[in-house]
Amino acid sequence: MDIWQLIGIGFIVIILIILASCVKIVPQAHAYVLERLGGYQGTWNVGVHFKVPFIDRVAKKIVLKEQVVDFAPQPVITKDNVTMRIDTVVFFQITDPKLFAYGVENPIMAIENLTATTLRNIIGDLELDQTLTSREIINTKMRVSLDTATDPWGIKVNRVELKNIIPPAAIQDAMEKQMKAERERREAILRAEGEKKSTVLVAEGKKESAILEAQGEKEAAILRAEAKKEATIREAEGQAQAIVAVQQANADGIRFLNEAKPGNAVLQLKSLEAFEKAADGKATKIIIPSEIQGIAGLVKSVVEIGKES
């Protein structure tokens, strides 16, 4: 093989390399900005594309996926002159490759500086307590402001988050003391409420116990009264039955005497028995009927006759 053949083979290889470099494949979620002779020619999207050698060139390869940038903490001053440091996280997406390529020299640095100035403006209108409790409001205001400012750069700001809010050490110490005092206050309130509920429950228990005891005494008194009433009734009924029985016995005795038709001697004997009961020594004064006196004289005469015999 002579030298001309080698030159021909080399020339063919160079031609093939140049042709291969003119074929570009754009992957998914990417875009290429094409320039021709230094001027914007077009934007290549997903697929196979060809460019003119030595005239066209790919000026910028752009990622169209959503990107996240975490910026370092920035010093800000609140409305009540408290200096703190806040770091932010920005979620953005490139929507126009041409504007992104030619709109600003360093888009990420531009977003960072814009985020810092916007954050200072928003925090400058808020006091410390509002700053600590208004994260969502601050995030929304920053997103709207950044999205409006980055539109000419072909960037869409989807979300902005305050990652950390770092107040000064003295403020942190004061906040910790305040939180501790608040926890102690809540603990004291809870303890007082517990003691109050305990006292109320004890009082209610004593009240219910007193009520139950009074009800028990009342029911016991009623039962005792009913028992006493029942006993009195039973006793009265017994006495009445006894009286009836005595009267019945007396009536039966009189009836028997009437049926037996006793003589005068029997009647006089019964009178003596009654006189004996009346004169058993318990009475201080005795009135003797005339009939009994005659019987006594008769008895005395009989006794004297017996002695003479």
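For the numbers below, each heavy atom of this structure counts, side chains included, while hydrogens, waters and symmetry mates do not.
- The closest donor-acceptor contact from the side chain of D87 to the backbone of F71 lies at 3.5 Å or more, if one exists at all.
- Among all heavy-atom pairs drawn from Q67 and I94, the shortest one is NE2-CD1, 3.9 Å.
- Cluster membership check: M109 does not share its hydrophobic cluster with V90, using side-chain heavy-atom separations under 4.5 Å among Ile, Leu, Val, Met, Phe, Trp and Tyr.
- Atom CD of residue Q28 and atom CG of residue N45 lie 10.0 Å apart, to the nearest 0.5 angstrom.
- Summarising the geometry, atom CZ belonging to R135 is positioned 11.5 Å from atom NZ belonging to K163; distances are rounded to the nearest 0.5 Å.
- In this structure, the separation between CZ on R143 and OG1 on T118 is 13.0 Å, given to the nearest 0.5 Å.
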Stepwise side-chain contact (heavy atoms from CB on, under 4.5 Å) test for V26 and V48: CA-CA 6 Å; V26 180; V48 179; over 6 Å; no

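- Looking at I123 and I77, their side chains never come closer than 4.5 Å, going by heavy atoms from C-beta outward.
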For Y40 and Y102: C-alpha separation, side-chain torsions, deciding distance, then whether side-chain contact (heavy atoms from CB on, under 4.5 Å) applies. CA-CA 9 Å; Y40 174 75; Y102 301 104; 3.6 Å; yes

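- In this structure, the side chains of V69 and I111 stay at 4.5 Å or more apart for every pair of heavy atoms.
- Of the residues T95, D151, D147, the one that meets the side chain to side chain donor-acceptor pair (under 3.5 Å) test with K156 is D147.
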Give the C-alpha distance, both sets of side-chain angles, the deciding distance and a yes or no for salt bridge (charged side-chain N to carboxylate O under 4.0 Å, His left out) between E237 and R234. CA-CA 5 Å; E237 290 178 351; R234 296 296 183 185; 3.8 Å; yes

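- No side-chain donor-acceptor contact under 3.5 Å links R159 to the backbone of V89.
- You'll find the side chain of M84 reaches within 4.5 Å of the side chain of L128, heavy atoms only.
- A salt bridge links E182 to R186: one of the charged nitrogens lies within less than 4.0 Å of a carboxylate oxygen.
- The hydrophobic cluster containing I122 also contains L114, counting ILVMFWY residues as joined when their side-chain heavy atoms lie under 4.5 angstrom apart, directly or transitively.
- R120 is listed as a side-chain neighbour of Q74, based on a closest heavy-atom distance under 4.5 Å.
- Around atom CD1 of I108, more than 12 heavy atoms belonging to other residues, nucleotides or ligands sit under 6.0 Å away.
- When side chains are defined from C-beta on, T88 does not count as touching E161, because their heavy atoms never get closer than 4.5 Å.
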Are Q93 and N158 close enough, and set up right, to give a side-chain contact (heavy atoms from CB on, under 4.5 Å), and what steps lead you there? CA-CA 7 Å; Q93 188 174 10; N158 297 326; 3.8 Å; yes

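- For the pair Y32 and P27, the tightest heavy-atom approach, listed with the atom from each and the gap, is OH-CD, 3.7 Å.
- P107 approaches I155 most closely through the heavy-atom pair CB-CD1, 4.0 Å.
- Cluster annotation: L64 and V104 are assigned to the same hydrophobic cluster (Ile/Leu/Val/Met/Phe/Trp/Tyr, side-chain heavy-atom contacts under 4.5 Å, transitive).
- A donor-acceptor pair is defined here as one N or O able to donate and one able to accept, closer than 3.5 Å; such a pair exists between the side chain of N139 and the backbone of L162.
- Although no hydrogens or angles enter the test, the distance criterion places a donor-acceptor pair under 3.5 Å between the side chain of T148 and the main chain of V144.
- Linking ILVMFWY residues whenever their side-chain heavy atoms come closer than 4.5 Å, directly or via other members, places V157 and I62 in the same cluster.
- Put simply, the side chain of F92 does not reach to within 4.5 Å of the side chain of E66, judged on heavy atoms.
- Between V160 and L146, some side-chain heavy-atom pair lies under the 4.5 Å cut-off.
- Here E204 contributes atom CD and K207 contributes atom NZ; the two are 7.5 Å apart, rounded to the nearest 0.5 Å.
- Side chain of D96 to main chain of K98: a donor-acceptor pair is present (N/O by atom type, distance under 3.5 Å, no hydrogens or angles).
- Checking Q41, H49, K51, R36 one by one against D56, the side chain to side chain donor-acceptor pair (under 3.5 Å) holds for a single residue, R36.
- In I15, the CD1 atom is crowded: over 12 heavy atoms of neighbouring residues, nucleotides or ligands sit closer than 6.0 Å.
- Shown here for F50 and W44, the closest heavy-atom pair between the two residues is O-CZ2, 3.6 Å.
- Listed for the T78 side chain is a donor-acceptor partner under 3.5 Å among the backbone atoms of V82.
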Do E187 and R185 pass the salt bridge (charged side-chain N to carboxylate O under 4.0 Å, His left out) test, and can you show the C-alpha distance, the side-chain angles, and the key distance before you say yes or no? CA-CA 5 Å; E187 181 182 0; R185 184 183 69 84; over 6 Å; no

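- Side-chain contact between I165 and L132 is present, with heavy atoms from C-beta onward closer than 4.5 Å.
- In terms of heavy-atom proximity, L99 sits nearest to G154 at CB-N, 3.6 Å.
- Smallest separation of non-hydrogen atoms from D129 and T133: O-OG1, 2.8 Å.
- Side chain of N121 to backbone of T117: a donor-acceptor contact under 3.5 angstrom is found.
- The structure places CG of L119 at 12.0 Å from NZ of K141, a figure rounded to the nearest 0.5 Å.
- Remark: side-chain polar atoms of S198 are not paired, donor with acceptor, to backbone N or O of G194 under 3.5 angstrom.
- For the atom pair CD of E136 and CD1 of I138, the computed distance is 10.5 Å after rounding to the nearest 0.5 Å.
- Looking at K79 and E127, no side-chain N of the basic residue comes within less than 4.0 Å of a carboxylate O on the acidic one, giving no salt bridge.
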